[in-house]
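Comments concern the structure below.
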Amino acid sequence: MAITTKGQIGLTGNTAIAYAMKQINPDVCPAYPITPSTGIIEDFAGFVADGEVDTEMITVESEHSAMSACIGAEAAGARVMTATSSQGLALMWEMLYIASGMRLPIVLTNVNRALSAPINIHCDHSDSMGARDAGWVQLYSETVQEAYDNLIQAIRIAEHTDVLLPTMVCLDGFITSHAIENISLISDADVKGFIGAYKPAHALLDVEHPITYGAMSLPDNYIEFKHEQSRAMARSKAVVSAIGAEFGKKFGRSYGLFDAYRLEDADSVIVILNSAAGTTKVAVDELRAQGKKVGMLRPRLFRPFPFEELAKALSGAKAIAVLDRVDSMNGFGGPLFNEIRSALYETDSRPKVMSRIYGLGGRDYKVKDALGVYDELGKVVSTGKVETLQKYITL
Amino acid sequence: MATLKELAKKEERLTGGHRLCAGCGIPPIVRLILRSTDAPIVATTATGCLEVGTSIYPYTAWNIPWIHSAFENAAATISGVEAAYRALKKTGKIPDRDIKFIAFGGDGGTYDIGLQALSGALERRHNFLYVCYDNGAYMNTGIQRSSATPLFSNTTTSPAGKAIEGKQEWRKDLTRIVVAHNVPYAAQASPHNWADLSKKAEKALAINGPTFLNVMSPCPLGWYTKSEDSIKLAKLSVDTCYWPLYEVENGVLRVTYKPKEKKPLAEWLKPQGRFKHLFKPENKNMLDAFQERVDLEWQRLLELDGKRI
């Protein structure tokens with residue numbers, strides 16, 4: 001089927017990501033197949049085979065080598081993209097830190113899938129949340145449209161001279177990667193114009209100006225490198241905002257740091273990532289129709305964590321449930337819960353916050369599950385007390 | 001091939017001032033290989049002695065573009081660099097010029113943890129030379145056994161103890177494993193024979209496709225030997241036929257050096273502290289077994305000499 005950039009077109013998340021990669025036309029794409037992201041590299045391999053892109057694809061023998069080749073190619077001066085999921089991202093773990101420590105703006109799509117054991121191919125966020133401190137900018141996507149738009153913006157974010165950090169776009173395995181959604185594509189020329197050409201300041205292939213990448217750094221310098229990296233991560237927040245706004249101006253779909261839904265006067269709020277936000281919105285509408293003051297917030301940018309903006313947006317709520325599709329296995333709730341709760345510490349209102357872990361390994365999260373959480377939140381609002389700070393739902 | 005004088009006059013691509021040990025086999029190997037082409041070189045190095053000794057920030061001994069990323073992935077890293085070269089050249093983003101790509105790794109980073117990445121890069125036919133400097137153990141972390149460690153060698157993880165005296169297993173034959181990938185060129189070399197090493201490097205770098213050099217690299221620290229004896233010991237490893245010099249070019253094996261008189265293995269082992277326990281009278285059987293295996297391997301190689309394998 002021919003894909004057209006005119007009007008609306010029904011695409012799966014994987015097809016849309018592969019198509020964005022075709023439009024971005026990266027110089028190098030090292031890739032290794034893993035469910036549920038395989039479709040991305042299969043489609044992209046088709047574009048390579050048909051000569052529709054200039055990309056050199058490296059069909060590596062593991063994800064560790066995929067990220068290693070990404071690092072080599074990006075340091076050489078190329079624009080580099082790849083995609084993976086779950087165990088693949090876990091196998092890359094060592095190299096994720098090296099990519100960010102070397103300040104290489106690699107762009108990776110992670111199709112969220114549970115980590116083993118037990119082995120499971122379905123959606124949860126244990127893979128990308130396991131990599132949350134690897135020094136990558138992380139964007140989460142609710143829909144196919146947003147995943148497509150995020151990937152195009154990710155190139156600009158990663159390569160921005162205030163940032164120069166690898167960037168990961170996350171979308172839900174199967175729920176988003178394999179579901180067909182009607183989306184709008186941007187024309188090839190507009191994508192090309194938006195991302196611009198990649199002109200790295202340093203490149204291994206600039207043989208007239210030899211540089212050393214990956215030198216050893218001892219206690220006299222290491223912390224300064226990390227400090228610089230940390231500052232870049234903090235700076236990237238403003239870049240994500242600016243590029244999201246510019247994208248909106250050009251293509252009619254604006255993106256901020258988070259998506260707030262009927263939040264203004266809400267007493268009870270669910271905070272949740274990715275596709276489950278859509279389900280939650282249905283519950284919000286149902287309850288609003290009954291006159292209940294409920295709302296939802298879906299962070300789009302998780303790394304860096306926009307703690308000030310999130311705290312401000314949530315400070316008016318009385319009770320908040322943070323729903324994590326991952327358990328930190330720390331005995332104290334999921335990662336999003338911990339960071340949201342920590343962000344709210346500085347607010348005067350100090351809303352009550354509780355942790356709910358849901359949907360691990362692809363367990364469905366339904367409207368009734370969201371309604372159940374809002375019911376609990378309503379009780380917290382009326383009593384001012386959290387009865388159960390943390391628990392699993394959708395069991 | 002260039003004469004030694006001509007080679008000496010060439011630009012120094014790995015400069016002095018690095019922190020590798022006196023008597024280390026690595027610098028002469030690397031310097032000679034980097035001189036074996038006039039084309040620009042981009043190199044990578046696996047984590048290990050060469051990387052640590054040449055790149056402590058803010059200094060670098062590398063006068064060529066160089067990258068180190070991790071331990072097990074030198075071949076994958078150079079795959080990325082080389083693919084970037086093809087992509088950027090094809091689209092006119094860099095000038096159309098010949099650039100050579102070399103990955104260096106020690107035996108730990110090549111025989112063991114880096115074997116998968118090496119195998120993948122060889123199979124994908126990237127245009128690069130992989131050089132393994134084989135000093136027979138994880139020397140950088142303090143002399144732990146690797147799969148390249150010689151039989152009975154005393155290392156910190158295969159100590160010559162009361163019950164088990166040193167490493168009990170024969171070394172992995174990595175060169176044969178590489179040859180099994182049907183690469184256009186693979187060879188074993190030693191720094192004492194500069195002409196042989198230089199010729200092999202020149203040949204490997206002129207070939208379009210994956211090529212491999214496995215080079216004996218003396219290590220005074222891990223071999224418990226004198227710094228000034230390194231080159232002599234490299235020569236003895238070859239003259240005793242423990243480390244035969246040979247090449248496999250387009251599938252045809254050729255022994256590039258045959259000692260006029262094959263020396264007893266003990267002559268190579270005796271000066272090395274790591275084999276000290278083999279010279280106790282009660283361990284003569286170990287010494288004999290080691291010699292027997294070396295003879296067998298050498299014979300096997302001679303039978304293949306000149307043949308398509």
Side-chain angles (χ1 to χ4, degrees), chain A residues 25-30 32 53-80 82 94-95 97-99 101-102 104 106 197-199 202-218 220-222 224-225, chain B residues 13 19 39-45 47 51-95 97 99-101 103 114 116-121 123-124 126:
Chain A
N25 192 15
D27 299 306
V28 178
C29 173
Y32 189 83
V53 287
D54 300 312
T55 312
E56 287 290 331
M57 190 155 178
I58 317 177
T59 47
V60 282
E61 81 297 334
S62 73
E63 289 90 351
H64 192 282
S65 283
M67 190 44 60
S68 300
C70 284
I71 287 167
E74 190 79 48
R79 182 178 268 164
V80 182
T82 189
E94 180 194 26
M95 302 318 298
Y97 279 77
I98 293 173
M102 284 202 212
L104 298 171
I106 297 158
Y198 179 46
K199 289 182 186 129
H202 308 285
L204 291 169
L205 291 171
D206 181 6
V207 291
E208 309 295 342
H209 304 96
I211 49 156
T212 284
Y213 259 104
M216 185 179 209
S217 168
L218 295 171
D220 54 346
N221 288 299
Y222 181 88
E224 277 73 25
F225 281 114
Chain B
R13 288 170 157 179
R19 302 171 199 215
I41 296 173
V42 179
T44 187
T45 301
T47 307
E51 165 264 325
V52 170
T54 57
S55 77
I56 300 179
Y57 184 86
Y59 303 104
T60 179
W62 298 88
N63 268 337
I64 55 171
W66 178 85
I67 179 169
H68 154 253
S69 70
F71 194 6
E72 67 279 57
N73 64 353
T77 305
I78 206 76
S79 298
V81 178
E82 189 264 351
Y85 165 70
R86 277 185 278 124
L88 298 181
K89 200 165 85 162
K90 180 171 72 184
T91 48
K93 291 174 189 166
I94 56 166
R97 65 196 291 182
I99 300 178
K100 306 292 184 192
F101 300 94
Q116 175 183 314
L118 174 63
S119 176
E123 185 272 334
R124 294 190 302 270
H126 289 280

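Note on naming: letters A, B, ... go to the chains in the order of the sequence lines (proteins, then strands), and numbering restarts at 1 for each one. Heavy atoms only: backbone and side chains are in, while hydrogens, waters and symmetry mates are out.
Both the backbone and the side chain of B:Ser69 have a heavy atom closer than 4.5 Å to some heavy atom of chain A. In this structure, chain B has a heavy atom under 4.5 Å from the side chain of A:Glu94, while its backbone stays farther away. Heavy-atom distances place both the backbone and the side chain of A:Asp27 under 4.5 Å from chain B. The contact between A:Phe225 and chain B is made entirely by side chain atoms (from C-beta outward), counting heavy-atom distances below 4.5 Å. Looking at B:Glu51, the atoms closer than 4.5 Å to chain A (heavy atoms on both sides) all sit in the side chain, from C-beta outward. The part of A:Met95 that comes within reach of chain B is its side chain, from C-beta onward, which places non-hydrogen atoms under 4.5 angstrom from that chain. Only the backbone of B:Ile64 comes within contact range of chain A, with heavy atoms under 4.5 Å apart. There is no contact between A:Met57 and chain B, counting heavy-atom distances below 4.5 Å.
Highest contact tally toward chain B, considering only A:Ser62, A:Ser65, A:Gly72, is held by A:Gly72 [criterion: heavy-atom pairs under 4.5 Å]. Of all the listed residues (A:Ala69, A:Ala78, A:Gly77), the one sharing the greatest number of non-hydrogen pairs under 4.5 Å with chain B is A:Ala69. Listed options A:Ser217, A:Ala203, A:Ala215, A:Gly101 were ranked by heavy-atom pairs under 4.5 angstrom with chain B; first place goes to A:Ala215. Top candidate by heavy-atom pairs under 4.5 Å with chain B, chosen from A:Ala197, A:Ala99, A:Ala76, A:Pro26, is A:Ala76. Comparing A:Val28, A:Asp220, A:Val207 by heavy-atom pairs within less than 4.5 Å of chain B, the highest count is held by A:Val207. Contacts with chain B were tallied for A:Thr212, A:Ile98, A:Thr55, A:Leu218; A:Thr212 has the most, counting heavy-atom pairs under 4.5 Å.
Although no hydrogens or angles enter the test, the distance criterion places a donor-acceptor pair under 3.5 Å between the side chain of B:Ser55 and the main chain of A:Met216. Without hydrogens or angle criteria, B:Thr47 side chain to B:Ala70 main chain gives a donor-acceptor distance under 3.5 Å.
Judged as a side-chain hydrogen bond (donor to acceptor under 3.5 Å, both in side chains), and not counting sequence neighbours, B:Arg13 has no contacts.
Proximity of A:Glu74 to A:Tyr198: side-chain heavy atoms (C-beta onward) are separated by under 4.5 Å at one or more points. Within the 4.5 Å cutoff, the side chain of B:Lys89 has no heavy atoms near those of the B:Ile99 side chain.
The number of heavy atoms from other shown groups lying within 6.0 Å of OH (A:Tyr97) is above 12.
Across all their heavy atoms, A:Ala66 and A:Pro30 have their closest contact at O-CB, 3.5 Å. Here the closest non-hydrogen pair linking B:Val42 and A:Leu204 is CG2-O, 3.7 Å.
Legend: salt bridge (charged side-chain N to carboxylate O under 4.0 Å, His left out) pairs involving residues 69-83 of chain B, not counting sequence neighbours, sorted by first then second residue: B:Glu82-B:Arg86.
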